[in-house]
Amino acid sequence: YDNVNPPQVPMSWNLAALFFSAAAMSSVALLSSLLLLWIALDSGNPGSVIKGLGLPELEPCQTITLIYLKVSISDFLTLFSSRTNDEFFYTSKPNIILIIGAFIALLV
């Protein structure tokens, strides 16, 4: 159910490169989630990033929603970009089923 163009010859797995790529992508996702969580939990302090932007302190339910949306959106962008090999994620349009699944997950 996807529009990815498969290679003409069978792919061989370079496990070292696969492990490094997975570790790099997951490390970026982890660190950005922790940074966003710290910014959200620190929003009550007068010198916080949130207060510096002129926004009010975040409630706990807003922090939970913020982290959920960050993880959900970044996971979908990782999925969309990883399916296109060496090209940018917008060069190969995903199948409508994948797009609908992404929108349903973000709306719920």
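Throughout, residue positions are numbered sequentially from 1 according to the sequence presented.
Under a 4.5 Å side-chain heavy-atom criterion applied to ILVMFWY residues, the cluster that includes Ile99 comprises Phe103 as well. In the hydrophobic clustering, where aliphatic and aromatic side chains (Ile, Leu, Val, Met, Phe, Trp, Tyr) are joined below 4.5 Å either directly or transitively, Leu15 groups with Trp13, Leu18. Cluster partners of Phe20 are absent, since no Ile, Leu, Val, Met, Phe, Trp or Tyr has side-chain heavy atoms less than 4.5 Å from it.
Screening residues 49-62 for side-chain hydrogen bond (donor to acceptor under 3.5 Å, both in side chains) gives no qualifying pairs among residues at least two apart or on separate chains.
Looking at residues two or more places apart in sequence or on another chain, you find a side-chain contact (heavy atoms from CB on, under 4.5 Å) between Ile50 and Ile39, Ser43, Ser48, Leu55, Leu58. With sequence neighbours excluded, the residues that form a side-chain contact (heavy atoms from CB on, under 4.5 Å) with Thr65 are Leu69. Not a single side-chain contact (heavy atoms from CB on, under 4.5 Å) links Leu107 to another residue, sequence neighbours left out.
Under the 4.5 Å side-chain contact rule for hydrophobic residues, Tyr68 and Leu37 do not share a cluster. Under a hydrophobic-cluster definition in which Ile, Leu, Val, Met, Phe, Trp and Tyr are linked whenever side-chain heavy atoms come within less than 4.5 Å, directly or via other members, Ile73 and Leu66 are assigned to different clusters.
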Distance-only criterion, 3.5 Å: show the donor-acceptor pairs between side-chain atoms of residues 26-35 and protein atoms not counting sequence neighbours.
{"unit_1": "Ser26", "atom_1": "OG", "unit_2": "Ala22", "atom_2": "O", "d": "2.8"}
{"unit_1": "Ser26", "atom_1": "OG", "unit_2": "Ala23", "atom_2": "O", "d": "3.2"}
{"unit_1": "Ser27", "atom_1": "OG", "unit_2": "Ala23", "atom_2": "O", "d": "2.7"}
{"unit_1": "Ser32", "atom_1": "OG", "unit_2": "Val28", "atom_2": "O", "d": "2.9"}
{"unit_1": "Ser32", "atom_1": "OG", "unit_2": "Ala29", "atom_2": "O", "d": "3.1"}
{"unit_1": "Ser32", "atom_1": "OG", "unit_2": "Lys70", "atom_2": "NZ", "d": "2.8"}
{"unit_1": "Ser33", "atom_1": "OG", "unit_2": "Ala29", "atom_2": "O", "d": "2.9"}
{"unit_1": "Ser33", "atom_1": "OG", "unit_2": "Lys70", "atom_2": "NZ", "d": "3.1"}

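Side-chain contact check for Leu36 versus Ile67: some heavy-atom pair is nearer than 4.5 Å.
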